[in-house]
Each structure stands twice: as C-alpha cells, then as structure tokens.
Amino acid sequence: MARKHSKARESNDPADVLSLEVDGLRYVLDEGPRPGRGRLVAGVALALGGEPPFRDRVDLYAFKDRRRFADLVADSFARERRQVLGHLALLLDRIERARAAAGHAAAREPKLTAERRRAALALLEREDLLDAAAEAMEALGYVGEDPLKRLGYL
C-alpha cells in the first residue's frame, strides 16, 4: 500500500509559528506550549473554512493528552488518529524549533557588564599584553617557547 505524504504549509513569520495548515486542516494555538506548564487551547478547522473550529484544551507534551485530542479531531473531521497525531507532532516540532532559534539568538548576545568592560579595556591597554598572555598560558599548563605562546594569543 503506497503511503500518502502530506505537505504542511508554513509561514516564516515568527508570529505565525502557532499555526499549521496540513492535509486540509488548520491548527491554531492560543499560545506556545512550555514543558510542564499544562494544557493550552488549540483550535482545529477545515483549511477552507465554512464551519466554526473545534476547540479544546490539550497538553502537547503529554502523549495521553495528545492521543485524546487526536481522537476528538479525527472523529470531528473524518481523519485517522495517527494522521492527526502526526499533525500535532509537526506543530510541536515547529514550536520547539522556533523556541530553540530564539534561545540560540539570545545566547549569542554577549553579556558584558560595566565592570568586565573596564577590566577588558585595562588589559588591552597594557604595554606587556603579550607577556601577560604568555604567563597566563604558562599558568594554565601550556609549555613551550614564549614567542610561540604570544603568537598563539594573537
């Protein structure tokens, strides 16, 4: 039996990360889920519109809750439970990727206090900066010639 692959339509807009359209259904979350936080309101409707969306609370991080929600959606929209579970997995993956990207961007921003900035500037203004770097490397256990340590610092 050939397996039918579904194509999910996604937007690159970060504000739209809480929705997913796949296999003729549109899933919309009121807010992003967080592990251990509990249930949130999810809405599911036919992508073409027409009738009001099915809405219920679901904890996307709890399999039993996802399965219960998938059963309700499958019954409401004549889909198979495993198909809906796949949709929910896509939605959760999309949210997690957006969260990881946002966290990674925040982690890249250096946190430099005024005190650390002053200390860094004082270090850079030292006339014996390369000697100090060689001494620091020696203290850390690096052995070898001081000129190579200075070069390593540069």
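Any value given below was found using the heavy atoms of this structure, including those in side chains, with hydrogens, waters and symmetry copies removed. The chain is numbered in sequence order, starting from 1. From a predicted model like this one, the values you see are computed outputs, not experimental measurements.
- Cluster membership check: Val41 does not share its hydrophobic cluster with Leu88, using side-chain heavy-atom separations under 4.5 Å among Ile, Leu, Val, Met, Phe, Trp and Tyr.
- Residues meeting the salt bridge (Lys or Arg N to Asp or Glu O under 4.0 Å) test with Arg116, sequence neighbours left out: none.
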Contacts under 3.5 angstrom, residues 144-154 side chains, donor-acceptor by atom type, not counting sequence neighbours:
{"unit_1": "Lys149", "atom_1": "NZ", "unit_2": "Glu138", "atom_2": "OE1", "d": "2.1"}
{"unit_1": "Lys149", "atom_1": "NZ", "unit_2": "Tyr142", "atom_2": "O", "d": "3.3"}
{"unit_1": "Arg150", "atom_1": "NE", "unit_2": "Asp131", "atom_2": "OD1", "d": "3.0"}
{"unit_1": "Arg150", "atom_1": "NH2", "unit_2": "Asp131", "atom_2": "OD1", "d": "2.4"}

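- Contact check for His87 versus Val44: no side-chain heavy atoms found under the 4.5 Å cut-off.
- Residues passing the side chain to side chain donor-acceptor pair (under 3.5 Å) test with Arg55, sequence neighbours excluded: Asp30.
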Side-chain donor-acceptor pairs under 3.5 Å in residues 120-129, sequence neighbours left out?
{"unit_1": "Arg126", "atom_1": "NE", "unit_2": "Asp128", "atom_2": "OD1", "d": "2.9"}
{"unit_1": "Arg126", "atom_1": "NH2", "unit_2": "Asp128", "atom_2": "OD1", "d": "3.3"}
{"unit_1": "Arg126", "atom_1": "NH2", "unit_2": "Asp128", "atom_2": "OD2", "d": "3.0"}

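- Residue Gln83 comes nearest to Asp23 through the heavy atom pair NE2-OD2, 3.0 Å, listed as atom of the first residue, atom of the second, then distance.
- Rounding to the nearest 0.5 Å gives a distance of 7.5 Å between CZ of Arg94 and CG of Leu91.
- Qualifying side chain to side chain donor-acceptor pair (under 3.5 Å) partners for Arg81, counting only residues two or more places apart in sequence or in other chains: Asp71.
- The hydrophobic cluster containing Leu72 does not contain Val28, counting ILVMFWY residues as joined when their side-chain heavy atoms lie under 4.5 angstrom apart, directly or transitively.
- Scored by the side chain to side chain contact (heavy atoms under 4.5 Å, CB included) test, Ala62 finds Asp59, Asp65 as partners (sequence neighbours excluded).
- Not a single donor-acceptor pair under 3.5 Å links the side chain of Arg82 to the backbone N or O of Glu80.
- The distance from atom OH of Tyr61 to atom CG of Leu92, rounded to the nearest 0.5 Å, is 5.0 Å.
- Between Leu90 and Tyr27 there is no side-chain heavy-atom pair separated by less than 4.5 Å.
- Leu25 and Val73 make their closest contact through CD1-CG1, 4.3 Å (heavy atoms, listed as atom of the first residue, atom of the second, distance).
- Enclosure of atom CZ in Arg68 by more than 12 non-hydrogen atoms of other residues, nucleotides or ligands within 6.0 angstrom is indicated.
- Looking at residues two or more places apart in sequence or on another chain, you find no side chain to side chain donor-acceptor pair (under 3.5 Å) involving Asp75.
- Judged by distance alone, with hydrogens and angles left aside, the side-chain atoms of Arg66 form a donor-acceptor pair with the main-chain N or O of Leu60 at under 3.5 Å.
- Qualifying side chain to side chain contact (heavy atoms under 4.5 Å, CB included) partners for Ala42, counting only residues two or more places apart in sequence or in other chains: Leu29, Val58, Phe69.
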